[in-house]
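Contents: one structure, followed by commentary.
By convention here, the first residue in the shown sequence is residue 1.
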Amino acid sequence: MRIFAIIYSLIHSLIRKIFGLLELFLFLRLLLKFLNANPKTLVVNLVYKWSDILVSPFKSIFPNIYWPEGKMIEATTIAAIIGYAIAVFVLFQLLRLLARER
């Protein structure tokens, strides 16, 4: 019985760390888009390229929000941040249920 608690704890910790990195990466994309970072630079290009994979399931859900001075808030990235947060919450609830059954 103790082994299940250890496995649950390890899985929970791993998911939290991965989710934290994913959210940080998406927030970085959101910030770079808002600040109109040059997509031709290596770092910005890599962030956009890799984060495109993460935001692609959420494309075209909401229109982008445009502010004065050419600033843009990419609604797709916000939808991805919220969507992944909900998915991880559901995953944690399922893990909790499975841990209780043992």
Side-chain angles (χ1 to χ4, degrees):
M1 194 162 213
R2 177 82 175 128
I3 190 76
F4 292 115
I6 293 170
I7 292 172
Y8 170 78
S9 177
L10 287 173
I11 291 173
H12 190 274
S13 177
L14 181 65
I15 291 171
R16 282 181 49 161
K17 288 175 183 173
I18 291 171
F19 175 69
L21 289 173
L22 178 127
E23 292 287 308
L24 183 65
F25 193 58
L26 288 174
F27 180 75
L28 179 60
R29 175 192 173 97
L30 187 67
L31 186 63
L32 289 172
K33 290 275 187 172
F34 182 74
L35 296 173
N36 291 329
N38 183 0
K40 293 179 182 174
T41 61
L42 179 63
V43 173
V44 176
N45 190 4
L46 286 174
V47 169
Y48 289 168
K49 181 179 176 182
W50 286 98
S51 61
D52 276 344
I53 298 166
L54 297 172
V55 299
S56 64
F58 302 93
K59 290 263 190 222
S60 303
I61 292 178
F62 301 109
N64 292 330
I65 302 163
Y66 293 95
W67 284 21
E69 302 172 12
K71 304 288 184 191
M72 176 192 70
I73 297 177
E74 190 179 42
T76 301
T77 305
I78 294 174
I81 291 170
I82 294 169
Y84 288 122
I86 292 169
V88 168
F89 174 77
V90 169
L91 183 61
F92 281 155
Q93 296 304 313
L94 289 173
L95 283 174
R96 206 167 106 206
L97 283 174
L98 290 173
R100 275 192 201 160
E101 289 181 9
R102 299 280 174 192

Under 4.5 Å between any side-chain heavy atoms of [X] and [Y], yes or no?
X: Leu30; Y: Phe34; result: no
X: Leu95; Y: Ile15; result: yes
X: Leu26; Y: Glu74; result: no

Honestly curious: do [X] and [Y] fall in one hydrophobic cluster under the side-chain, below-4.5 Å linking rule?
X: Leu54; Y: Ile61; result: yes
X: Val44; Y: Met72; result: no
X: Leu10; Y: Leu14; result: no
X: Leu35; Y: Ile73; result: yes

Determine the minimum heavy-atom distance between [X] and [Y], stating which atoms define it.
X: Pro63; Y: Ala75; result: O-CB, 3.2 Å
X: Tyr48; Y: Ala37; result: OH-O, 4.0 Å
X: Val55; Y: Ala80; result: CG1-CB, 3.9 Å
X: Phe25; Y: Val47; result: CZ-O, 3.8 Å
X: Tyr84; Y: Pro57; result: OH-CG, 4.2 Å

Lys59 atom NZ, over 12 foreign heavy atoms within 6.0 Å: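 Check passes, neighbour count above 12.
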Look at atom CZ of Phe89 and say whether more than 12 heavy atoms of other residues, nucleotides or ligands are closer to it than 6.0 Å.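 Incorrect, the count does not exceed 12.
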Does Ile53 offer a backbone N or O that forms a donor-acceptor pair with the side chain of Ser56 under 3.5 Å?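 Side chain of Ser56 to backbone of Ile53: a pair is present.
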Do side-chain atoms of Asn36 reach the backbone of Gly70 as a donor and acceptor pair under 3.5 angstrom?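 Judged by distance alone, yes, a pair lies under 3.5 Å.
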To the nearest 0.5 Å, tell me how far [X] [atom1] sits from [Y] [atom2].
X: Trp50; Y: Arg29; atom1: CH2; atom2: CZ; result: 14.0 Å
X: Phe27; Y: Thr77; atom1: CZ; atom2: OG1; result: 11.5 Å
X: Leu91; Y: Ile86; atom1: CG; atom2: CD1; result: 13.5 Å
X: Glu23; Y: Phe19; atom1: CD; atom2: CZ; result: 3.5 Å
X: Ile78; Y: Ile81; atom1: CD1; atom2: CD1; result: 6.5 Å
X: Leu24; Y: Leu31; atom1: CG; atom2: CG; result: 10.5 Å

